[in-house]
There are 2 protein chains.
Amino acid sequence: MEKEVLLKNLGDRIREIREGKGITQKQLAHSIGKDQQSIQRLEAGKINPSIFYLHEVAKGLDVNMEFFFNQ
Amino acid sequence: MEKEVLLKNLGDRIREIREGKGITQKQLAHSIGKDQQSIQRLEAGKINPSIFYLHEVAKGLDVNMEFFFNQ
DNA sequence: TTTCAACACAACAAATCCGTTGTGTGTTTT
DNA sequence: AAAACACACAACGGATTTGTTGTGTTGAAA
């Protein structure tokens with residue numbers, strides 16, 4: 001329960017940042033050597049990503065990882 | 001390479017916070033339903049922990065997860 | 001010295017991650 | 001309408017995580 005909420009919120013936050021930058025899931029994915037489906041699952045809160053995974057996503061979005069957690 | 005550094009830094013940071021609170025690996029582990037060995041691997045940078053795992057550790061240390069990333 | 005606490009390291013197995021492939025739906029463009 | 005784009009969902013499989021058990025080292029306390 002709590003885990004689902006955490007992952008959902010994280011996914012929403014990442015989507016929010018991505019859309020704010022005006023890039024697609026595919027663009028983000030390819031910029032960090034991943035697939036569109038991986039980003040989809042991340043944003044949907046379907047996976048419990050590792051810290052390095054998030055680190056890569058943060059790089060792809062050009063933000064600091066902290067951005068994923070405050071607010 | 002880069003991954004190793006990230007995980008090492010994270011582990012060091014967690015250890016720093018834990019020691020600052022004056023608790024042992026075992027106490028931290030048990031407070032969140034884990035084993036001493038799990039915390040040891042985390043602090044040693046030997047694993048690439050999931051975000052939920054870190055969330056639990058943050059709870060056990062009574063800090064916000066952001067603390068793991070700034071400085 | 002013996003005992004105990006704290007930490008480190010390794011191996012095993014079940015669970016999970018995540019890259020990949022394939023497909024579907026809705027919207028926009030030509 | 002046809003084509004292209006953005007996103008969603010599911011299944012497969014190799015890799016990784018992580019709980020568990022067992023063991024070793026070091027230092028402090030008894």
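What you see below is based on every heavy atom in this structure, not just the backbone, and it leaves out hydrogens, waters and symmetry mates. Lettering follows sequence order; numbering is per chain, from 1.
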Report yes if the side chains of A/I14 and A/L54 come closer than 4.5 Å at any heavy-atom pair, otherwise no. yes

Side-chain N or O of A/R15 versus OP1/OP2 of D/dA6: is the shortest distance under 4.0 Å? no

Take atom CD of A/E56 and atom P of C/dC17, then tell me their distance rounded to the nearest Å. 17 Å

Interatomic distance where CG belongs to A/L42 and C1' belongs to D/dC7 [whole Å]: 14 Å

Enter the inter-axis angle for the ends of the helix from C/dT1-D/dA30 to C/dT30-D/dA1 (five pairs per end, rounded to 10°). 30°

Given A/E43, which of A/R13, A/K8, A/R15 fulfils the side chain to side chain donor-acceptor pair (under 3.5 Å) condition? A/R15

B/L28 CG to C/dA6 C1', straight-line distance once rounded to whole Å: 13 Å

Please report the interatomic distance CE(B/M65) to CZ(B/F52), rounded to the nearest 0.5 Å. 10.0 Å

Would you kindly give the CD-to-P distance between A/Q40 and C/dG24, to the nearest whole Å? 16 Å

Checking B/Q25, B/H30, B/R41 against B/Q36 for side chain to side chain donor-acceptor pair (under 3.5 Å), the one that qualifies is B/Q25

Gap between atoms CZ and C1', on B/F52 and C/dA15 respectively (whole Å): 15 Å

How about A/I23 and A/L61: do any of their side-chain heavy atoms sit closer than 4.5 Å? yes

So how far is it from B/K34 NZ to B/I32 CD1, rounded to the nearest 0.5 Å? 5.5 Å

Taking DNA chain D as the partner, which of residues 20-27 of chain A come within under 4.0 angstrom of it by heavy atom? A/T24, A/Q25

Flag side-chain contact, heavy atom, 4.5 Å: A/L10 against A/P49: yes

Got a sec: does the NZ of B/K21 have more than 12 other heavy atoms crowding it under 6.0 Å? yes

Distance, nearest 0.5 Å, that separates OG of B/S31 from CD of B/E56: 9.5 Å

Taking the side chain as everything from C-beta on, heavy atoms only, tell me whether A/V57 gets closer than 4.5 Å to A/F68. yes

When every nucleotide of nucleotides 11-30 of chain D is labelled 5' to 3' by its protein contacts under 4.0 Å (heavy atoms), B for base, S for sugar-phosphate only, - for none, what sequence of letters results? B-----SBBBBB--------

Quick one: are A/L7 and A/I47 in side-chain contact, heavy atoms under 4.5 Å? no

